[in-house]
Amino acid sequence: MTTARDTRAATVPTQSTYQNRVADYWNAEENPVNLELGRLDDLYHHHYGIGEADWTVLQEDDPELRGHRVTAELHRLEHAQAELLASHLGPLTPDDRVFDAGCGRGGGSVTAHLRHGCHADGVTISAKQAAFANEQARKRGIDDKVRYHHRNMLDTGFESGAYAASWNNESTMYVELDLLFAEHARLLRRGGRYAVITGCYNDTYGQASREVSLINAHYICDIHPRSEYFRAMARNRLVPVHVADLTEAAIPYWELRRQADHLVTGIEDTFLDAYRNGSFQYLLIVADRV
Ligand code: SAH
């Protein structure tokens, strides 16, 4: 029995040292590939892109115009990914709430709101990102419905069963999947939708490849194997209803980005090698909360 005078319990910080490091990274992050693309239409995405690229942008003779066209094309591919995810959140009404776990500078929640009219709560461990995203929502005049919070997505403190849909767009590699899916299952109402787009390592390859390890080091993350997603969902009342291997669809984005001198971050070839040697996959998983 624990009594009020029991002082043996270890104190657990609200945020682990690792999570503090992740927050430091995103508080400091100002990559042109994230900011210049977002500036085009004030939709800030911090994920990659999918679909065939318009390669004619590279043939533009004027270097400045070529740069602009490449930037716009990469943004189009990133936005296509946000739209794909939003299209899988199920039928939503303007009264419904959705939860954007690891929301970055906020583009995903805005995309979902524009598509469904729903309320959105985005959560990021970076105070700077949450402030930036709230300012964007205010400027757009949707801050009554789209809100961003500086919180841990594993322990949001939000109301149980209050959400019709939730997702992670490239943010699952920062957390333990069991803890994450337990929180989604808690927040989602029965029959609610969960969707994730993520890079994962391919179990058939074996363990994490050199390239996967380089990506982990670059972003301070821990890419999970494909199998772990399904195991952790099964343990947390999330039943997959749709799975798509987006690996092929992800390659044009990286091919174009590696040729965008003004936007490269240095990780482009590693992603292409990882996809091409079969060690890494880009996946969409949609699940029902039962
Ligand atoms: N989903 C966004 C951003 C992806 S980048 C988009 O599509 O644009 C990864 C994001 O995960 C960052 O915003 C980072 O702050 C967030 N993140 C990482 N660990 C987190 C945690 N424990 N709780 C909340 N957010 C976290």
Side-chain angles (χ1 to χ4, degrees), residues 12-31 33-39 41-50 74-75 77-86 88-89 98-113 120-134 136-137 146-158 165-184 187 194-199 215-216 218-224 246 250 253 265 267 282 284:
V12 179
T14 48
Q15 214 168 281
S16 66
T17 309
Y18 168 78
Q19 288 167 342
N20 288 334
R21 291 287 166 277
V22 172
D24 291 346
Y25 174 95
W26 288 106
N27 281 330
E29 187 276 324
E30 299 219 333
N31 289 329
V33 75
N34 283 331
L35 291 170
E36 284 186 27
L37 273 63
R39 254 179 230 124
D41 57 3
D42 290 332
L43 281 171
Y44 289 82
H45 300 303
H46 296 355
H47 54 71
Y48 314 125
I50 49 164
L74 287 171
H75 186 57
L77 297 175
E78 290 191 3
H79 189 64
Q81 177 170 320
E83 287 285 357
L84 175 72
L85 195 152
H88 282 286
L89 298 178
V98 298
F99 165 50
D100 179 358
C103 63
R105 282 189 177 88
S109 284
V110 177
T111 304
H113 166 75
D121 285 303
V123 162
T124 168
I125 206 152
S126 154
K128 201 167 147 205
Q129 286 185 330
F132 181 98
N134 276 325
Q136 290 297 318
V146 178
R147 297 203 176 101
Y148 301 93
H149 314 260
H150 171 215
R151 292 191 192 190
N152 187 343
M153 63 182 158
L154 303 180
D155 292 293
T156 61
F158 294 159
S166 66
W167 70 89
N168 286 93
N169 197 351
E170 281 177 23
S171 49
T172 46
M173 56 293 285
Y174 293 100
V175 290
E176 299 88 331
L177 291 183
D178 264 309
L179 304 183
L180 176 69
F181 293 160
E183 183 66 348
H184 279 286
L187 294 174
Y194 173 70
V196 54
I197 293 182
T198 185
I215 296 169
N216 280 339
H218 184 89
Y219 289 103
I220 329 175
C221 66
D222 185 14
I223 293 164
H224 307 290
L246 301 174
Y253 170 86
T265 63
I267 199 67
Y282 207 43
L284 163 74

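Remember, it's 1-based here, ligands and their atoms both numbered in the order they're listed. Residues take their numbers from the sequence shown, with the count starting at 1.
- When only non-hydrogen protein atoms are considered, atom 19 (N) of ligand 1 lies nearest to Tyr174 CB, 3.5 Å.
- Less than 4.0 angstrom separates some heavy atom of Met153 from each of these atoms of ligand 1: 19 (N), 20 (C), 21 (C), 23 (N), 24 (C), 26 (C).
- For Asn31 and Thr265, the side-chain atoms include no donor-acceptor pair closer than 3.5 Å.
- Asn20 and Thr17 share no side-chain donor-acceptor pair at under 3.5 Å.
- Looking at Asp100, its side chain never comes within 3.5 Å of a backbone N or O of Asp121 through a donor-acceptor pair.
- Among protein heavy atoms, atom 25 (N) of ligand 1 sits closest to Ile125 N, 3.1 Å.
- In this structure, Arg105 falls outside the shell of residues with a heavy atom less than 4.0 angstrom from ligand 1.
- Within ligand 1, the atoms closer than 4.0 Å to a non-hydrogen atom of Arg151 are 23 (N), 24 (C), numbered from 1 in the order shown.
- In the candidate list Glu170, Lys128, Glu78, Gln81, Glu170 is nearest to atom 9 (C) of ligand 1, counting heavy atoms.
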*Would you sort out whether Glu83 and Thr111 count as a side-chain contact (heavy atoms from CB on, under 4.5 Å), showing the intermediate values?*
CA-CA 7 Å; Glu83 287 285 357; Thr111 304; 3.8 Å; yes
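- Phe132 has its ring centre less than 6.0 Å from the ring centre of Tyr44.
- Remark: the backbone N or O of Gln129 is not paired with any side-chain donor or acceptor of Arg105 at under 3.5 angstrom.
- No side-chain donor from either of Thr198 and Glu170 sits under 3.5 Å from a side-chain acceptor of the other.
- Nearest non-hydrogen protein atom to atom 13 (O) of ligand 1 is Gln129 OE1, 2.6 Å.
- Protein heavy atom nearest atom 15 (O) of ligand 1, with residue, atom name and distance: Thr124 OG1, 2.9 Å.
- In this structure, the protein non-hydrogen atom closest to atom 16 (C) of ligand 1 is Gly102 CA, 3.7 Å.
- Side-chain contact check for Tyr282 and Gln81: at least one donor-acceptor pair (N or O, by modelled atom type) lies under 3.5 Å.
- Side-chain contact check for Asn168 and Tyr194: at least one donor-acceptor pair (N or O, by modelled atom type) lies under 3.5 Å.
- Atoms of ligand 1 lying under 4.0 Å from any heavy atom of Val175, numbered from 1 in the order shown and given with element: 22 (N).
- Using a distance-only test at 3.5 Å, with no hydrogens or angles considered, a donor-acceptor pair links the side chain of Gln19 to the main chain of Ser16.
- In this structure, atom 7 (O) of ligand 1 lies nearest to the protein heavy atom His47 CD2, 2.9 Å.
- Of the heavy atoms in Cys103, only backbone atoms (N, CA, C, O) come closer than 4.0 Å to ligand 1.
- Residue nearest to atom 11 (O) of ligand 1, selected from Gly38, Ala130, Ser171, Gly106: Ser171 (by heavy-atom distance).
- Below 4.0 Å from some heavy atom of Gly104 lie the following atoms of ligand 1, by number and element: 2 (C), 3 (C), 13 (O).
- Counting only heavy atoms of the protein, atom 4 (C) of ligand 1 lies nearest to His46 O, 3.2 Å.
- The shortest distance between side-chain heavy atoms of Leu77 and Ile50 does not fall below 4.5 Å.
- Remark: minimum distance from atom 22 (N) of ligand 1 to any protein heavy atom is reached at Asn152 OD1, 3.1 Å.
- Of all atoms in ligand 1, listed by their number and element, those nearer than 4.0 Å to a heavy atom of His45 are 8 (O).
- Short contacts between ligand 1 and Asn169, defined as distances under 4.0 Å to a heavy atom of the residue, involve ligand atoms 1 (N), 2 (C), 4 (C), 7 (O).
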